[in-house]
Amino acid sequence: MAGDSIKVLIACEFSGVVRDAFIAAGHDAMSCDLLPTEAPGPHYQGDVLNILRDGWDLMIAHPPCTRLANSGVRWLHERNLWAEMEAAALFFKALMDAPILQIAIENPIMHKYALAIIGRRYDQIIQPWQFGHGESKQTCLWLKGLDKLRPTEIVDGREQRIWRLPPTADRWKLRSMTYPGVAAAMAAQWGRE
């Protein structure tokens, strides 16, 4: 597939950051989210499960992590959010089991209840500071048919700006965005496999 354009689905992305990195690398990429895209470009607004069988070569997915992340496990007990957690884990598993040969799904460290449903742990942990951004934001990758993402630019002077964001209406959006250096590495490395 080296040098050829591939058909890439960027699932659960409204920002267009990863989609646009693949387009800039010469690939046929489309983002998909329940929200409209924030950047002009190919975007399907709707349920990604409806388009998983549309002949994609690669899917990179960013499913919601609120009920899956280990950092929020206490709320499952305190607020009885078990049904929401199960639905989120089954959605994640549906993405992982999609009929697409190459898949990468990103999420934070998961709690044991979600992992029991999904069926396996992550393959890799990456940090923005490995890809040119002076930030710490541990991100796990579940991979299918793909090599681990290789760091492209190690940066000193790491901050935890994302973790320290004050509560605002758009905090969730800022925390969910993929760093451009990570997106560029995905396009450069996985667009050639």
Side-chain angles (χ1 to χ4, degrees), residues 8-19 29-38 43-54 56 58-128 136-146 148-149 160 162-163 165 167-179 182-183 186 190:
V8 185
L9 173 62
I10 313 302
C12 310
E13 181 188 58
F14 57 84
S15 69
V17 172
V18 179
R19 176 201 65 207
M30 180 178 77
S31 56
C32 172
D33 200 278
L34 296 175
L35 298 172
T37 185
E38 292 185 343
H43 183 76
Y44 174 83
Q45 186 176 347
D47 188 343
V48 68
L49 299 178
N50 294 334
I51 60 170
L52 289 180
R53 298 183 179 277
D54 288 0
W56 307 102
L58 167 65
M59 175 178 66
I60 298 172
H62 312 276
C65 65
T66 304
R67 300 295 174 241
L68 306 177
N70 195 49
S71 59
V73 72
R74 71 177 274 205
W75 303 119
L76 296 177
H77 301 287
E78 291 183 21
R79 298 180 182 168
N80 191 22
L81 299 171
W82 295 102
E84 289 180 28
M85 181 280 297
E86 183 178 8
L90 289 171
F91 178 66
F92 187 106
K93 186 166 175 40
L95 294 174
M96 195 78 236
D97 294 341
I100 301 169
L101 293 178
Q102 296 181 316
I103 296 174
I105 303 180
E106 69 84 25
N107 242 239
I109 299 280
M110 283 190 187
H111 53 68
K112 65 182 180 180
Y113 308 108
L115 288 173
I117 294 169
I118 291 165
R120 71 179 184 94
R121 292 172 51 93
Y122 56 84
D123 297 291
Q124 179 181 15
I125 294 177
I126 61 169
Q127 292 272 5
S136 291
K137 182 188 174 200
Q138 194 173 50
T139 303
C140 300
L141 297 175
W142 282 255
L143 304 173
K144 175 178 144 186
L146 293 168
K148 291 181 178 178
L149 201 60
Q160 290 189 331
I162 295 297
W163 183 76
L165 284 173
T168 61
D170 64 348
R171 180 176 188 240
W172 68 273
K173 279 187 175 187
L174 297 170
R175 290 181 63 132
S176 71
M177 301 253 296
T178 302
Y179 287 85
V182 174
M186 289 175 171
W190 293 339

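By convention here, the first residue in the shown sequence is residue 1.
- Closest of all the heavy-atom pairs between His111 and Ala69 is CD2-O, 3.5 Å.
- The environment of CG in Leu101 is sparse: at most 12 heavy-atom neighbours from other residues, nucleotides or ligands sit within 6.0 Å.
- Atoms CG and CD1, on Leu146 and Ile60 in that order, are 7.5 Å from each other to the nearest 0.5 Å.
- Rounded to the nearest 0.5 angstrom, Cys140 SG and Gln124 CD are separated by 9.5 Å.
- Using a 4.5 Å cut-off on side-chain heavy atoms (C-beta onward), Leu58 and Ile103 make no contact.
- Considering NZ of Lys112 and CG of Asn70, their distance stands at 10.0 Å, rounded to 0.5 Å.
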message: Walk me through whether Thr178 and His62 qualify under side-chain contact (heavy atoms from CB on, under 4.5 Å).
response: CA-CA 9 Å; Thr178 302; His62 312 276; 3.4 Å; yes
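- Remark: Cys65 engages Asn107, Pro108 in a side chain to side chain contact (heavy atoms under 4.5 Å, CB included) (not counting sequence neighbours).
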In a table with atom names and distances, give each donor-acceptor pair under 3.5 Å that connects a side chain of residues 10-17 to protein atoms at least two apart or in another chain.
residue, atom, partner, partner atom, Å
Glu13, OE1, Arg19, N, 3.2
Glu13, OE2, Val17, N, 3.3
Glu13, OE2, Val18, N, 2.7
Ser15, OG, Val17, N, 3.3

Worked verdict on Gln138 versus Ile126 for side-chain contact (heavy atoms from CB on, under 4.5 Å): CA-CA 6 Å; Gln138 194 173 50; Ile126 61 169; over 6 Å; no
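- For the pair Ile125 and Ile109, the minimum side-chain heavy-atom distance is below 4.5 Å.
- Between Gln102 and Lys144 the shortest side-chain heavy-atom distance does not fall below 4.5 Å.
- Looking at every heavy atom in both residues, Leu95 comes nearest to Ala61 through CD1-CB, 3.9 Å.
- Glu106 and Leu141 make their closest contact through CB-CD2, 3.7 Å (heavy atoms, listed as atom of the first residue, atom of the second, distance).
- The shortest side-chain heavy-atom distance between Trp82 and His77 falls under the 4.5 Å cut-off.
- Contact check for Val73 versus Tyr113: side-chain heavy atoms found under the 4.5 Å cut-off.
- Atom-to-atom distance recorded for Ile100:CD1 and Leu9:CG is 6.0 Å, nearest 0.5 angstrom.
- In plain terms, the two heavy atoms of Ala94 and Leu52 that are nearest each other are O-CD1, 4.2 Å.
- Residues Leu143 and Tyr122 form no side-chain contact, since every pair of their non-hydrogen atoms from C-beta on lies 4.5 Å or further apart.
- Taking 4.5 Å as the limit, some side-chain heavy atom of Pro64 sits within range of a side-chain heavy atom of Phe91.
- Shown here are the salt bridge (Lys or Arg N to Asp or Glu O under 4.0 Å) partners of Asp123, two or more places apart in sequence or in another chain: Arg120.
- Under the salt bridge (charged side-chain N to carboxylate O under 4.0 Å, His left out) criterion, the residue pairs touching residues 87-98 are Lys93-Asp97, with sequence neighbours excluded.
- Taken to the nearest 0.5 Å, the OG1 atom of Thr139 stands 7.0 Å off from the CD atom of Gln127.
- Ile51 contributes atom CD1, which lies 6.0 Å from atom OH of Tyr44 (distance to the nearest 0.5 angstrom).
- Closest non-hydrogen pair, Ala89 versus Leu68, comes out as N-CD2, 3.5 Å.
- Checked against ring-ring contact (aromatic ring centres under 6.0 Å, His included), His43 has no partners two or more places apart in sequence or in another chain.
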- request: Could you check Arg121 against Leu115 for side-chain contact (heavy atoms from CB on, under 4.5 Å), going step by step and ending with a plain yes or no?
  value: CA-CA 6 Å; Arg121 292 172 51 93; Leu115 288 173; 4.1 Å; yes
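- Residue pairs satisfying the salt bridge (charged side-chain N to carboxylate O under 4.0 Å, His left out) criterion with at least one member in residues 79-89, sequence neighbours excluded, are listed as follows: Arg67-Glu84.
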